[in-house]
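Below is one structure, written out as structure tokens; the observations come after it.
Owing to the predicted nature of the structure, the values given are computational and were not obtained by experimental measurement. Computed over heavy atoms, backbone and side chain alike; hydrogens, waters and symmetry mates excluded. Chain letters run A, B, ... following the sequence lines, proteins first, then strands; residues in each count from 1.
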Protein chains: 2
Amino acid sequence: MAKTLAVSPLAPAAFPDLPVIGGVRFAAAAAGVRYAGRTDVMLAMLDPGSTVAGVFTRSATRSAPVLDCQDKIGHDSAEGAAIIVNSGNSNAFTGRNGIEATRAVTHAVAVATGLPEERVFSSSTGVIGEPLPHERITAKVDQLVGALDETGIAGAARAIMTTDTFPKGAMATVDLPGGQVKIAGIAKGSGMIAPDMATMLVYVFTDARIARADLQAMVSDINARSFNCITVDSDTSTSDTLLMGATGASGVTVTAADTAFTTALEAVFVDLAHQVVRDGEGATKFVTVEVTGAASDADARTHALSIANSPLVKTAIAGEDPNWGRVVMAVGKSGAAADRDLLTIRFGDVLVAEKGWVSPDYREEDGAALMRQPEITIHVDLGLGQGKATVWTCDLTHGYISINADYRS
Amino acid sequence: MAKTLAVSPLAPAAFPDLPVIGGVRFAAAAAGVRYAGRTDVMLAMLDPGSTVAGVFTRSATRSAPVLDCQDKIGHDSAEGAAIIVNSGNSNAFTGRNGIEATRAVTHAVAVATGLPEERVFSSSTGVIGEPLPHERITAKVDQLVGALDETGIAGAARAIMTTDTFPKGAMATVDLPGGQVKIAGIAKGSGMIAPDMATMLVYVFTDARIARADLQAMVSDINARSFNCITVDSDTSTSDTLLMGATGASGVTVTAADTAFTTALEAVFVDLAHQVVRDGEGATKFVTVEVTGAASDADARTHALSIANSPLVKTAIAGEDPNWGRVVMAVGKSGAAADRDLLTIRFGDVLVAEKGWVSPDYREEDGAALMRQPEITIHVDLGLGQGKATVWTCDLTHGYISINADYRS
């Protein structure tokens with residue numbers, strides 16, 4: 001069962017006012033997949049001429065819906081498209097039964113919408129290892145199709161929540177020479193939680209006209225700098241899915257070279273990614289890890305993830321302890337190039353360590369004051385080269401242990 | 001300050017009765033490096049003709065004593081050897097000052113014992129980033145040399161403790177065609193703890209006569225199957241050190257091909273490694289992760305470490321939750337080869353999942369009963385090949401968070 005958790009202290013003040021995206025409509029329904037008294041299925045319907053792109057978990061044990069999406073993505077089509085998502089059951093590690101359940105759902109949507117089945121994408125999130133009660137979902141498909149509405153995106157954001165403590169949305173408008181285009185996205189995810197695996201699911205829509213290959217290039221590229229740069233607990237879901245649809249309803253054509261658009265899209269992706277971290281299980285601190293001066297960008301990312309995933313760094317942050325020694329430790333263990341005597345470490349704007357030792361000007365009370373803030377930046381300069389990377393994470397608290405260990409599934 | 005922690009519930013009943021190893025003597029002293037009212041320096045003195053081998057942390061930010069040991073190890077010598085170890089200060093991330101402090105200590109021991117300085121090995125464990133008060137240690141060297149005693153190993157085991165909740169020792173005797181040889185070892189380590197980094201330090205002694213190259217080969221080989229197979233929280237100390245001395249006092253020559261000896265030595269290493277896990281911060285469960293059927297041994301180890309280091313697996317174990325879905329997740333994210341539909345998972349002797357889905361015979365109450373035991377084995381078979389690996393770890397509990405986050409250093 002989903003538990004009622006207090007809203008994260010790092011949550012945004014309110015769900016944003018997302019713009020209508022011409023050419024896409026939404027509906028949500030309560031199918032009773034697992035949860036009672038709430039919506040748990042959403043349908044997004046994209047008009048003919050829309051292009052769809054996506055990125056997916058790299059897990060070797062990914063779920064049936066992910067495998068199905070991966071089969072379907074990457075083909076051009078003049079047809080519309082549909083995305084159907086249920087919460088409450090992830091249809092992961094369900095063997096051949098899982099493939100059949102996914103087919104049953106996408107087939108029902110295809111029949112109800114007149115789309116070819118290969119244009120119906122699906123995601124499932126929730127408990128794993130239990131058969132998806134697909135008949136509860138297919139029973140609601142006609143109702144969903146009948147309820148499709150261009151203003152329904154906020155309801156869709158709520159229907160896909162599992163143990164999220166708040167719905168996640170982000171938007172942008174971009175003024176281009178050909179006219180204005182809009183972007184709106186929703187996401188869910190808060191780490192992974194028993195018995196649910198709190199998969200990260202992201203759906204982004206724009207009324208720009210974008211060729212499929214260009215859309216895929218943008219999504220893959222920007223994903224690498226947004227959702228691929230967050231970590232709550234280093235654990236990877238078997239269901240992570242990001243789908244983006246471009247309807248073209250604005251009549252404005254955009255390519256991957258349009259930096260005004262890609263910059264705005266990156267801001268939307270990063271905003272949603274940050275919201276997932278802000279809903280991290282037990283999180284009380286939003287942490288930015290910036291690494292510069294590495295031998296390469298790849299090395300910088302390795303160091304940044306080593307710091308962001310270190311239980312000792314994360315517990316120090318929870319304890320508001322400016323424990324730079326643990327940052328040194330995490331750099332040292334990462335496997336990427338580092339020279340102890342060239343390391344510079346800052347917490348926020350407080351210079352903590354330089355040239356392999358604590359800075360002579362560092363005062364513990366400055367570090368401690370910085371660590372009491374709800375948003376913290378750890379900056380490490382390797383002093384070796386030009387490589388840089390930024391990763392976002394949260395602290396590791398009693399709340400995480402309580403959510404994940406204090407009850408039986 | 002070291003805190004007084006309750007002895008781990010996984011601790012052995014008592015410190016073992018370690019045999020005297022001919023040719024090696026021990027002393028301990030209270031130098032007041034950081035702790036009051038306890039011993040904090042130990043000296044081990046090996047007779048001329050002894051060989052010494054070692055393995056060390058691979059951290060890129062390793063401490064001055066580790067760098068010094070690495071410079072000195074690997075040379076043949078007819079001289080004796082000394083090992084001096086202090087607790088309370090790790091002399092890590094202390095810049096050039098750290099190198100000078102290490103030299104001051106090893107120089108004092110060399111003068112007091114008549115050994116060349118390159119035969120004096122040192123380790124330091126405790127707080128990082130603070131200058132080692134080496135004069136407190138050197139002031140005790142004459143006292144230590146005067147107190148050397150072949151029965152002093154248990155006192156040495158206590159002197160090297162930081163936040164360990166119990167001293168760690170293990171022994172073996174081996175009857176060989178040429179006579180009996182003995183092995184005795186001590187260790188410290190319990191994860192990493194603020195403000196101390198609870199470095200793993202291991203010192204093993206035998207009265208067998210072993211050529212240095214053979215000793216190094218044995219130590220490296222067996223280390224890979226013992227200390228390199230444990231993980232408390234995936235964080236790597238900047239000071240980890242294992243030194244082994246072979247005095248030859250038994251008159252019995254042993255080579256790396258003597259499997260009776262290497263088998264006994266491996267048992268000693270594994271025993272000490274298990275004791276480090278049993279003293280893991282906040283540990284309430286001793287967990288063996290066995291992976292078989294992987295495409296290679298390396299793949300098996302990658303999967304085993306991914307499972308053992310997963311916060312979600314570790315919290316599930318803390319919660320006595322037979323959450324096999326998290327094991328699937330950890331296999332999927334590891335990056336090593338896996339086929340979801342060939343996976344078999346057992347908790348102890350309970351078959352939980354097979355062929356990509358929960359086993360038809362699995363009953364949740366059987367899994368739950370198994371998880372209530374203090375020692376748990378998770379067995380995963382990949383169904384792909386002959387690769388196998390075993391890793392030992394502990395659970396992730398509120399105790400870990402309390403130790404690492406609930407107070408400021």
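By the 30° and 60° cut-offs, the orientation of the rings of B/Phe93 relative to A/Trp324 is tilted.
Remark: A/Thr57 OG1 to B/Met329 CE distance equals 10.5 Å, nearest 0.5 Å. Separating the CH2 atom in B/Trp357 from the CG atom in A/Asn97 is a distance of 3.5 Å, to the nearest 0.5 Å. Note that CG of B/Asn323 and CD1 of A/Ile128 are 7.0 Å apart. Values are rounded to the nearest 0.5 Å. Remark: A/Asp341 CG to B/Thr61 OG1 distance equals 10.5 Å, nearest 0.5 Å. From B/Lys314, atom NZ reaches atom CD1 of A/Ile401 across 10.5 Å, with rounding to the nearest 0.5 Å.
Between B/His398 and A/Ser402 the shortest side-chain heavy-atom distance falls below 4.5 Å. For the pair A/Arg340/B/Leu67, a side-chain contact is recorded, criterion being any heavy-atom separation below 4.5 Å from C-beta on.
Proximity to chain B (any heavy atom under 4.5 Å) is restricted, for A/Ala353, to the side chain, taken from C-beta onward. A/Ser239 does not touch chain B: none of its heavy atoms, backbone or side chain, sits under 4.5 Å away. Residue A/Ser334 does not touch chain B at all, counting heavy-atom pairs closer than 4.5 Å. Residue B/Leu342: no heavy atom, backbone or side chain, is found under 4.5 Å from chain A.
Looking at every heavy atom in both residues, B/Tyr400 comes nearest to A/Thr315 through CE2-CG2, 4.0 Å.
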